[in-house]
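Notes for the one structure printed next.
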Amino acid sequence: MEGSRVETSSAAAETPVVISVENIRKSYGSFEVLRGISTEIREKDVTCIVGPSGGGKSTFIRTLNGLEPINEGRIRILDYTLPGWRKETEQLRRSVGMVFQSFNLFMHLTVRENITLGPTAALKVSRDEANARAERLLDRVGIGNQVDKYPGQLSGGQQQRVAIARALAMEPKIMLFDEPTSALDPEMVKEVLEVIRDLAASGMTMLVVTHEMGFAREVAHRVFFMADGVLSVDADPETFFASPKDERHAAFLSKVL
Amino acid sequence: MNFEIQHLVNNYPLILQGLLVTLRICAASLAIGTVLGLVACFMKLEGRGWPYRFAVAYIDFFRTIPEVVLIFWVYSCLPLLFSFRLTAEASGILALSLFASAYLAEIFRAGINSASRGQVQAALALGIPVRVIWMRIIMPPAIRRMMPALISFLSELIKATSLLSAIGVAEMAYQASVLGSKTFAYVEFLSAIAVLYFVTIFPLSLYVRRTNQKLAGKAGH
């Protein structure tokens with residue numbers, strides 16, 4: 001795993017930029033959650049975003065598919081721009097998968113329906129093709145035998161894997177993970193991280209908000225540190241975990257390592 | 001006092017006719033009330049602006065005034081204000097529709113508000129069109145959750161139709177009281193319709209009780 005990371009990391013320099021964030025700001029009332037964030041993400045980059053709670057990590061990742069509208073600045077993702085028209089935002093979302101902390105599965109639909117709804121309703125994929133994708137993806141995330149169950153019948157770890165399969169069924173170019181293991185019982189964290197790790201190894205462009213430092217160190221090409229609405233550190237994992245850039249970063253590392 | 005079943009045997013077609021009118025009025029007010037209630041519900045869901053304020057006032061108003069007053073008002077005052085006269089049954093349907101719309105608006109709103117924000121966001125994140133999100137993600141669970149309240153309200157509405165006897169609509173309670181005054185067999189006729197109301201409404205109550213228990217059981221997990 002170590003070796004493959006270094007390899008993709010060096011290749012990353014030549015791959016095209018797929019996300020470009022230009023000085024975005026976001027406020028809730030008078031409280032500014034994102035205070036001018038700019039960055040670029042290249043194809044196949046695996047970026048972990050870490051930092052203290054309330055620092056704006058989740059808000060940031062949710063701006064990238066327009067779930068959180070921004071007040072200032074601009075985001076370019078693939079061929080789309082945010083803020084944009086609703087149709088364009090819908091198009092963007094079809095190419096950018098998202099996995100939530102609380103799974104957010106459709107509880108009244110079966111696992112199969114959870115996964116096929118997006119492709120059939122948004123991409124006009126045929127029912128047969130959508131079913132084939134669902135079965136293939138469930139096998140890939142290791143729960144191929146649960147296809148006709150309801151989410152309520154599954155464990156948290158299984159539900160999160162369904163949520164990942166649901167996002168992947170859209171065949172996205174980019175995947176966003178918003179604290180995918182924070183709501184899980186400890187014994188289920190590993191099975192979900194394994195799925196995400198495999199996805200990273202397959203070359204998917206990913207942003208992962210996480211508190212799992214071991215995972216960030218092992219899988220990420222880049223690690224972002226966000227605190228107080230500012231993206232203050234952007235480094236490769238070795239540098240990130242070995243040489244803190246400022247006091248805030250050092251204080252954070254001393255708490256989590 | 002003897003209970004003379006013969007009165008019922010002789011006159012049951014009128015009572016059944018009354019029951020039919022009762023059900024017809026219910027169906028009509030439920031249909032019109034649903035349309036008006038949906039409009040009021042979505043205006044109130046806006047949360048601000050004049051449609052919101054109008055909807056809040058509308059719902060509060062029609063939930064506050066007694067149904068009898070509303071019925072008399074529509075029947076007696078509307079023709080004075082506008083120069084047209086509705087039949088008694090149409091006035092009754094209009095009054096009950098207004099009454100129903102205010103209650104239904106609140107039931108619909110509660111159901112829609114109970115939709116999971118997280119699920120809606122997940123659907124948005126998949127790029128699913130808003131119309132489909134309403135039809136596949138928001139409405140099915142919302143309808144399931146509002147069924148008990150809807151069915152309880154339907155029982156209330158069935159009971160409220162009996163008030164229309166006051167303006168001479170030939171529904172079941174009216175038929176019973178007219179037959180009673182003609183034959184002096186009040187006990188027979190009024191008991192008979194009490195039983196008929198019970199038979200109509202009690203299964204609905206049972207359904208509500210059963211569903212609420214099921215929902216409570218689910219929430220307990």
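Being a predicted model, the structure only gives us computed values, none of them experimental. Residue numbering restarts at 1 for every chain, and letters A, B, ... go by the order of the sequence lines.
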(message) At a 4.5 Å cut-off on heavy atoms, which part of A:Leu105 comes close to chain B: side chain, backbone, both, or neither?
(response) backbone
(message) Which atoms of A:Val99 are under 4.5 Å from chain B, going by heavy atoms: the side chain, the backbone, both sets, or neither?
(response) neither
(request) Look at the aromatic rings of B:Phe202 and B:Phe198 and report parallel, tilted or perpendicular, splitting at 30° and 60°. (result) parallel
(request) Determine, for B:Tyr75 and B:Arg85, whether the Lys NZ or Arg CZ falls below 6.0 Å from the six-membered ring centre while staying within 45 degrees of the axis. (result) yes
(request) Select, from A:Leu123, A:Leu67, A:Thr89, the one with the greatest count of heavy-atom pairs under 4.5 Å involving chain B. (result) A:Leu67
(request) Kindly state whether the ring of B:Trp134 and the ring of B:Phe42 have centres lying under 6.0 angstrom apart. (result) yes
(message) Testing the basics here: between A:Arg94 and B:Leu126, what is the closest heavy-atom pair and its distance to 0.1 Å?
(response) CG-O, 3.6 Å
(request) Heavy-atom distances under 4.5 Å only: say whether A:Arg62 touches chain B with side chain, backbone, both or neither. (result) side chain
(request) Please name the pair of heavy atoms, one in A:Gly73 and one in A:Pro83, separated by the smallest distance, quoted to 0.1 Å. (result) O-CD, 3.9 Å
(message) Between A:Phe100 and chain B, with a heavy-atom cut-off of 4.5 Å, which part of the residue counts as in contact: side chain, backbone, both or neither?
(response) side chain
